[in-house]
Amino acid sequence: MQQEIIDWFETEGRDLPWRQPDFTPWGSLVSEFMLQQTPVARVIPKLDEFLTRWPTPAALAASPSGDAVRAWANLGYPRRALWLHACAVTIVDKFNGEVPSNVDDLLSLPGVGPYTARAIAVFAFGGHEPVVDTNIRRVIARHNQGNADQGPPSTKRDLEVMAALLPSPELSPAFNAGMMELGALICTARNPQCEICPIARTCAWKNASYPEHVGPKKTVQKKYEGSDRQARGAVMKILREAHRTVTTSELDDCWPDKAQLGRAISGLLNDGLIELVADDSYQLPA
DNA sequence: AAACCGTGGCA
DNA sequence: TTGCCAAGGTT
């Protein structure tokens, strides 16, 4: 399986920005943050803008965190922008301005979890680690376990399974990236393209005639329309686009349910995504 | 462990 | 229209 994945990736893998030979580890870190739950197509233009403005950790660390949040625009989950800014500060203060290359140092950074730490170690530094994302978990569930879907994640078990599949160290980046790419392009959640899959011959799910999913299922996302998350999003949109302080009464217009709006504002204050500047006005963090 | 955290595209 | 999904992380 390993060599088939690697060969397929060499010929069919996309020329994504973070796969260019001159892409920096900082670029990789920024791209991985943006790619956490945001589709590739929406990340690409924002990544370019972000790296043009802040080409190094030191550059971002020298700007207010609110500028990072504003530049994040509508990518979603704006706490990622705050964490990325905090990463830049830590990298300058504790790692001499250079993105660290080993998993433990990477895991010490805010917003860097099991996936992102290993993705940086492997893709930016050529490390030999198991990278586990939703694509890889789906490929393994189908091809190796004969199941239709990956089910809920279990970090420890997932990492062990992927570690057992790794080829020799020098092939590790291509294999990890190839597995992700296969899940993104061929072994997709809906309508997988088994006819052109490089590992269809050995796929346990296909060879069992595509049985229904067995075992626990992924937990379903709560409805977004009318949710607290949407209310937070409405507040953040006002603050991002204002480029100045905004009063409580101005925020009143952005959401009909005042109790929910109150929860959104206090939650955002608690997260550090907005700041109180007077007793009734707010701004993005300085 | 399960809920929470944005936003937009697609079937 | 509604639900599912998207290179996750934190609590």
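The figures here come from the full heavy-atom set of this structure, side chains too, leaving out hydrogens, waters and symmetry mates. In what follows, chains carry the letters A, B, and so on, assigned in the order in which the sequence lines appear, proteins first and then strands, with residues in each chain numbered from 1. Bear in mind that the values here come from a model prediction, so they are computed numbers and not experimental data.
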Requested in this report: Decide yes or no on salt bridge (Lys or Arg N to Asp or Glu O under 4.0 Å) for Arg232(A) and Asp271(A), but give the supporting numbers first.
Outcome: CA-CA 11 Å; Arg232(A) 287 167 56 106; Asp271(A) 290 342; 2.8 Å; yes

Select base, sugar-phosphate, or nothing to describe what [X] touches, counting heavy atoms under 4.0 Å on all strands.
X	result
Thr134(A)	sugar-phosphate
Ala119(A)	nothing
Glu225(A)	nothing
Arg138(A)	sugar-phosphate
Leu75(A)	base
Leu82(A)	nothing
Phe33(A)	nothing
Pro78(A)	sugar-phosphate
Gly113(A)	sugar-phosphate

**Report entry** Asn135(A) side chain to Asp133(A) side chain, donor-acceptor N/O pair below 3.5 angstrom
**Finding:** yes

Query raised in the report: Would Thr134(A) and Gln150(A) count as having a side-chain donor-acceptor pair, cut-off 3.5 Å?
Result: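 A donor-acceptor contact under 3.5 Å links the two side chains.
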
Report task. Step by step, work out the side-chain contact (heavy atoms from CB on, under 4.5 Å) result for Val69(A) and Leu82(A). Result -> CA-CA 6 Å; Val69(A) 173; Leu82(A) 216 49; 4.0 Å; yes

Query raised in the report: Rounded to whole angstrom units, what separation is found between the CD atom of Gln230(A) and the P atom of dT7(B)?
Result: 9 Å

Requested in this report: Measure the distance from CH2 on Trp72(A) to P on dC5(B) and round it to the nearest whole Å.
Outcome: 18 Å

Query raised in the report: So does Arg42(A) reach the base of dG8(B) with its side chain, donor to acceptor, closer than 3.5 Å?
Result: no

In whole Å, what separates the [atom1] atom of [N] from that of [M]?
N	M	atom1	value
dA3(B)	dC4(C)	P	15 Å
dT1(C)	dG6(B)	P	25 Å
dC10(B)	dA7(C)	P	14 Å

Query - Near-ring test Trp205(A)/Tyr210(A), centroid separation under 6.0 angstrom - result: yes

**Report entry** Interface limits on DNA chain C, where chain A has a heavy atom under 4.0 Å of a nucleotide atom
**Finding:**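 Under 4.0 Å from chain A, the extent on DNA chain C is dG3(C) to dT10(C).
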
Query raised in the report: Is there a side-chain hydrogen bond (donor to acceptor under 3.5 Å, both in side chains) between Glu250(A) and Thr247(A) once you walk through the steps?
Result: CA-CA 5 Å; Glu250(A) 289 178 282; Thr247(A) 63; 3.2 Å; yes

Requested in this report: Please assess Asp105(A) against Lys94(A) for the test salt bridge (Lys or Arg N to Asp or Glu O under 4.0 Å), listing each intermediate value before the final yes or no.
Outcome: CA-CA 10 Å; Asp105(A) 285 342; Lys94(A) 299 204 155 95; over 6 Å; no

Report summary line: Ranking Pro114(A) and Ala189(A) by the position along DNA chain C of their nearest nucleotide, the one closer to 5' is Ala189(A)

Report task. Using the closest heavy atom to pick a nucleotide of DNA chain C for each, name whichever of Gln150(A) or Leu109(A) lands nearer the 5' end. Result ->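 First, find each residue's nearest nucleotide; the 5'-ward one identifies Gln150(A).
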
Requested in this report: Check the hydrophobic clustering (I, L, V, M, F, W, Y; side-chain heavy atoms under 4.5 Å; chains of links allowed) and say if Ile120(A) and Val131(A) are grouped together.
Outcome: no

Query raised in the report: For DNA chain B, whose closest nucleotide is more 5', that of Arg240(A) or that of Pro152(A)?
Result: Pro152(A)

Query raised in the report: OP1, OP2 of dG8(B) versus side-chain N and O of Asn74(A): anything below 4.0 Å?
Result: yes

